[in-house]
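Residue numbering restarts at 1 for every chain, and letters A, B, ... go by the order of the sequence lines.
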Amino acid sequence: MNIETTIMALLVLAAVVYLARRGASSIKSFRENTNCSDCGCTKSGKEEG
Amino acid sequence: MHKCTIPNIFSTMKSSILQFTPGAKYRIEALRDSYSYLSQRLLSLGLIKGAVIEIANIAPFGGPIEVKCRGYNLSLRRDELAILTLTPFVI
Amino acid sequence: MSTVTAVPPVAAKARSKPLLTALAGVPNAGKTTLFNALTGLNYKVANYPGVTVEKRVGTCHLAGFENIRLVDLPGAYSLFGGSPDEVLAADHLMGRLPKEDKPDVVICVVDACNIERNLFLASQIIDIGIPVVVALNMLDIAKTRGLSVRKELLAKNLGVAVVDISGRTKTNTDELLRAVAKAGSGEKRPGRYRWCSDKEFLDSAKSIGRLSRSDDTDDPDELIGIGIGLLSGSRQAESAKQRELLLAMRKQLVEQGVDAGAYETEERYSWVNSIASRSVVQVDGTRKDLTEKLDRVLTHPVWGLLIFLMIMGTMFQSIFTWASIPMDFIDSLFADVQVGLKSIIPPGQLQSLIADGIVVGVGSVLIFIPQIAVLYLFISVLEETGYLSRAAVLLDAFMRRVGLQGRSFIPLLSSFACAIPGIMATRSIPSFSDRMATILIAPLMSCSARLPVYTLLIAAFVPRRTVAGFLSLQGLVFLGLYLLGIVGALAIAYLLRKTVFRSSPSHFLMEMPPYRIPVAGQVLKTIWEKCAVFVKNAGTVILACSILLWFLASYPKTTDGSPSEAVRQSYAGQLGQAIEPIIEPLGYDWKLGVSIIASFAAREVFVSSVALVNNLEDVDEESDSLIDAIRNAKDPETGEHSYDLATALSLMVFFVFACQCMSTLAVCKRETGGWKWPIVMFVYMTALAYGAAFVTFRLSSSLLT
């Protein structure tokens with residue numbers, strides 16, 4: 001295993017782990033009705049009479 | 001000049017058709033069912049007995065009417081405006 | 001927590017906990033801006049339990065005084081109005097919420113330009129009995145209208161401290177906090193019920209209030225408050241005896257020619273008017289009627305609609321055309337990066353991962369930053385000018401026909417950027433069925449994530465022609481996709497109104513704020529923030545997906561055959577082939593199948609995925625532009641082009657309707673409080689997507705060949 005293959009394997013692993021965690025927290029916030037921070041929107045809409 | 005008519009069925013006098021034209025002023029005489037949600041809304045905004053409103057704009061196709069009251073503008077549908085009993089206000 | 005200082009006697013009273021201060025006021029009076037100025041970054045946002053109303057809680061400090069804990073309440077026109085926001089604000093102030101403490105002090109923000117109705121609310125708040133400080137806002141704007149406010153007179157008449165906070169300078173906020181601390185020290189309580197000059201009325205209210213058993217109090221002021229609440233209808237009678245007394249009192253009022261339900265409001269306003277007429281002076285006769293003049297044109301039956309359509313049309317055309325130059329630039333930039341990387345990193349797996357996977361995957365999405373920027377430019381400018389309220393008025397009559405209302409327009413327009421803030425913005429729609437219908441159709445407003453997909457497919461397959469001399473065909477197709485979403489949405493709304501949501505009352509009643517010139521800084525800030533989120537998203541989710549996809553499409557490796565055969569036999573290829581039978585009627589092959597599956601992680605990933613799969617298949621070493629690659633993709637067996645216009649159109653239609661965003665479903669669940677509606681959303685959209693794509697493919701195949 002040369003260094004390039006190692007780096008590649010690490011990157012792939014990191015990607016898988018990241019996506020898995022992201023998916024899990026997504027499902028969690030889905031179930032618990034908390035704010036999902038995916039798209040970064042914190043505004044909840046204008047106040048109206 | 002575009003006009004619109006709504007029947008004023010809440011006047012204690014005989015039914016009359018009110019013609020709304022932009023610039024016309026009206027005095028509010030009463031509100032129908034002051035305990036309803038809509039009435040309480042209008043009341044808290046200042047549309048009470050004695051207040052004067054001015055017709056600002058009329059939206060097309062039977063849409064909402066913009067009225068000026070106490071220095072700000074409000075848009076309401078014709079049936080919402082109809083809960084007010086209005087008499088023309090002449091300075 | 002408290003610092004006991006020797007100098008001002010006010011702070012000598014030691015407190016065990018921070019001074020709990022509530023920020024109240026009419027909507028758009030400037031509460032939230034004041035809150036931000038006072039707390040800076042020290043605040044948290046949370047929901048009131050059980051409802052979708054937000055509250056912000058933060059802390060602020062004033063040197064020499066104790067900490068102040070600030071709660072930003074929802075805006076309310078009246079404490080006795082029925083809307084969820086108003087009920088919550090009222091309950092919080094009166095200490096009726098189980099999990100919230102009753103505030104020690106209330107800051108009531110008053111907009112000097114609309115002083116009467118702001119003071120109306122202030123008078124209700126004063127009646128609660130908590131110390132009040134009035135924060136007078138927008139005096140600068142009032143000045144431009146020729147109005148001048150006499151603060152001291154106002155303070156004297158109201159019986160509370162009045163502080164000028166216009167412009168939110170440090171001196172102002174310090175003065176405000178000092179007034180708050182002073183009010184909280186308990187020296188002086190405001191006089192309540194000043195608006196009621198009729199002593200008999202107050203006595204009767206007290207006696208009715210005494211009959212209430214749910215509030216345990218002997219305080220005469222509290223009893224009066226209860227009584228008034230009963231009379232005006234904001235509280236329900238608890239016992240038969242109370243009801244009897246109530247009816248008698250109402251009858252008495254009617255006999256005196258008074259409308260019982262309106263009595264309190266009328267008296268309050270009459271008091272407020274007299275204060276206002278004494279404290280607010282029209283110094284200069286000139287008033288700005290610009291708003292009205294503009295409205296005459298903008299809500300005009302003919303011109304108003306035309307202008308509206310023009311604005312919308314321009315917006316969509318520009319998204320497509322204006323952005324093309326920067327897009328080409330970024331595209332060639334990434335092509336260069338790819339070539340450069342290939343020369344640095346020795347050939348092999350890593351090179352393939354980085355150059356073919358990451359650069360292609362992420363680059364193909366970052367190309368679309370200019371389009372996102374243009375989209376947000378339009379939306380935020382329209383929002384800032386105040387035009388959107390007028391658009392809601394123009395559209396109300398029309399939208400009522402399909403079971404929506406004018407107010408739905410604003411959330412739906414928001415949804416063109418992203419459905420999530422759009423769905424949250426539906427909180428401004430009071431009617432349940434109107435709100436539900438708007439939520440359910442919001443995702444059909446083609447969101448910014450679909451932009452890359454539309455653009456890629458149009459650029460690759462729609463011929464570069466002009467129609468009628470100046471309109472680009474590509475731009476028209478682009479516009480057509482948006483229109484398709486809109487038409488579909490209206491149809492669904494109509495169906496919903498006819499079936500599921502029979503009539504539930506709906507009110508329009510919107511305030512038309514005065515027009516403003518958008519602040520360039522604010523607009524640019526918004527655009528920057530949104531683009532940053534887009535890039536962050538690309539850098540994380542899309543990057544990870546690209547890496548994963550690359551892996552799935554590159555392994556297991558085959559030693560024989562062409563690169564395209566290698567992809568076909570990879571994990572990704574196998575997955576694609578597995579679903580091929582389902583998607584074949586829509587005109588897609590397994591490669592597109594892979595990309596469609598991937599796009600459920602994020603719609604933009606579709607583009608990355610197509611880029612990736614085709615790049616990996618590339619026979620020659622030069623990196624083709626993505627558009628050429630997809631156009632020239634050939635079926636290895638037959639040698640014919642894999643994709644044609646029919647497939648492209650079918651794909652575009654699919655993306656218009658398909659429900660591919662988990663986050664949207666999550667927000668839907670949160671805002672509607674259950675699983676039912678998100679499931680409905682997913683099911684109907686998927687069915688619609690499949691059906692429409694099928695029809696499109698069949699129709700265009702037969703019409704185009």
Relative to chain C, which of B:Ser39, B:Ser44, B:Ala30 shows the most heavy atom pairs under 4.5 Å? B:Ser44
Tightest non-hydrogen contact, residues C:Ala29 and C:Met138, listed as O-CE, 3.4 Å
Looking at every non-hydrogen atom in both residues, tell me the closest pair between C:Gly304 and C:Tyr387 and how far apart they are. O-OH, 4.4 Å
B:Arg70 to C:Tyr269 six-membered ring, cation-pi geometry met (6.0 Å, 45°): yes
From the list C:Arg268, C:Arg400, C:Gln124, C:Arg390, the residue making the most non-hydrogen contacts under 4.5 Å with chain B is C:Arg400
The interface call for C:Glu266 against chain B, heavy-atom contacts under 4.5 Å, is both
For chain B, which residues from residues 270-279 of chain C lie under 4.5 Å away (heavy-atom distances)? C:Asn273
Which residues satisfy the salt bridge (Lys or Arg N to Asp or Glu O under 4.0 Å) test with C:Arg401, sequence neighbours excluded? none
B:Leu43 side, atom CG; B:Ile28 side, atom CD1 - distance, nearest 0.5 Å: 8.5 Å
Can you tell me which portion of C:Leu305 sits under 4.5 Å from chain B's heavy atoms? Options are side chain, backbone, both or neither. side chain
Contacts with chain C made by residues 49-56 of chain B (heavy-atom distance under 4.5 Å), listed by residue number: B:Lys49, B:Ala56
Check against salt bridge (Lys or Arg N to Asp or Glu O under 4.0 Å), C:Asp396 and B:Arg77: CA-CA 9 Å; C:Asp396 185 57; B:Arg77 293 185 182 150; 2.9 Å; yes
What part of C:Glu267 gets closer than 4.5 Å to chain B, counting heavy atoms only: side chain, backbone, both or neither? neither
So the salt bridge (charged side-chain N to carboxylate O under 4.0 Å, His left out) pairs with at least one residue in residues 80-91 of chain B (sequence neighbours excluded) are none
Max heavy-atom pair count under 4.5 Å with chain C, selected residue of B:Leu42, B:Asn73, B:Ile48, B:Leu76: B:Asn73
